[in-house]
Amino acid sequence: APSPAAPANGGQVTLTATEPVWLRIYDASGTRLFEKEMAAGERYDVPQNANGPMINLGRPEAIRVTVNGSDVAPLGTPGRAIKDVPISAAAPKPIIDWKKATPAPVTPVPTRTIGAM
């Protein structure tokens, strides 16, 4: 059993922006817990009682993730948005399952040749 001082779900997940970045956190029922563009240095503590929190993130390299103050692996590949990624802390070790992330769709930008007739 966890000690009285330890959260039942294994710990506090904190997201800190290292540069301006947009993100959304929502729970298993789809309820939005947090959504905004964070400024560099701004942080968000994922509620410890959230039901299956997940994250959508425009630029994973712009967020530092900690569980109980300890850094965990990066959220994903730099420059590649992620969505529907579970984010939680569970005993005996943090579980942040980035490998199950669904990459956000990429819309190609039309190109045109300058001077072509």
Problem set entry | Short side-chain donor-acceptor distance under 3.5 Å, Asp45 and Thr14 |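 Thr14 vs Asp45: donor-acceptor pair found between side chains.
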What pair of heavy atoms forms the shortest contact from [X] to [Y], and how long is it?
{"X": "Leu33", "Y": "Pro47", "result": "CD1-CD, 4.4 Å"}
{"X": "Met38", "Y": "Ala17", "result": "CB-CB, 3.9 Å"}
{"X": "Pro20", "Y": "Ala62", "result": "O-CB, 4.5 Å"}

Straight-line distance of [X] [atom1] to [Y] [atom2], nearest 0.5 Å:
{"X": "Gln12", "Y": "Gln48", "atom1": "CD", "atom2": "CD", "answer": "4.5 Å"}
{"X": "Met54", "Y": "Ile25", "atom1": "CE", "atom2": "CD1", "answer": "10.5 Å"}
{"X": "Ile55", "Y": "Ile87", "atom1": "CD1", "atom2": "CD1", "answer": "4.5 Å"}

For this session: Carefully, step by step, assess Arg24 and Lys36 under the rule side-chain contact (heavy atoms from CB on, under 4.5 Å).
Result: CA-CA 7 Å; Arg24 177 182 338 158; Lys36 71 177 276 190; over 6 Å; no
Taking the side chain as everything from C-beta on, heavy atoms only, tell me whether [X] gets closer than 4.5 Å to [Y].
{"X": "Leu75", "Y": "Val65", "answer": "yes"}
{"X": "Leu15", "Y": "Arg43", "answer": "no"}
{"X": "Arg80", "Y": "Arg59", "answer": "no"}
{"X": "Val21", "Y": "Ile63", "answer": "yes"}
{"X": "Thr18", "Y": "Arg64", "answer": "yes"}

Problem set entry | Sequence-distant partners of Asp27, salt bridge (Lys or Arg N to Asp or Glu O under 4.0 Å), two or more places apart |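 For Asp27, no residue satisfies salt bridge (Lys or Arg N to Asp or Glu O under 4.0 Å) once neighbours in sequence are set aside.
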Problem set entry | Residue pairs involving residues 29-70 (criterion ring-ring contact (aromatic ring centres under 6.0 Å, His included); sequence neighbours excluded) |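 Residue pairs with at least one partner in residues 29-70: Phe34-Tyr44.
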For this session: Would you please name every residue forming a side-chain hydrogen bond (donor to acceptor under 3.5 Å, both in side chains) with Glu37, sequence neighbours left out?
Result: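 Per chain and number, Glu37 pairs via side-chain hydrogen bond (donor to acceptor under 3.5 Å, both in side chains) with no residue.
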For this session: Go through Tyr26 and Asn56 one step at a time and tell me if the side-chain contact (heavy atoms from CB on, under 4.5 Å) criterion holds.
Result: CA-CA 9 Å; Tyr26 55 97; Asn56 285 6; 3.4 Å; yes
Exercise. Honestly curious: do Leu57 and Trp22 fall in one hydrophobic cluster under the side-chain, below-4.5 Å linking rule?
Worked result: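 As far as the 4.5 Å side-chain criterion goes, Trp22 and Leu57 are not connected within one cluster.
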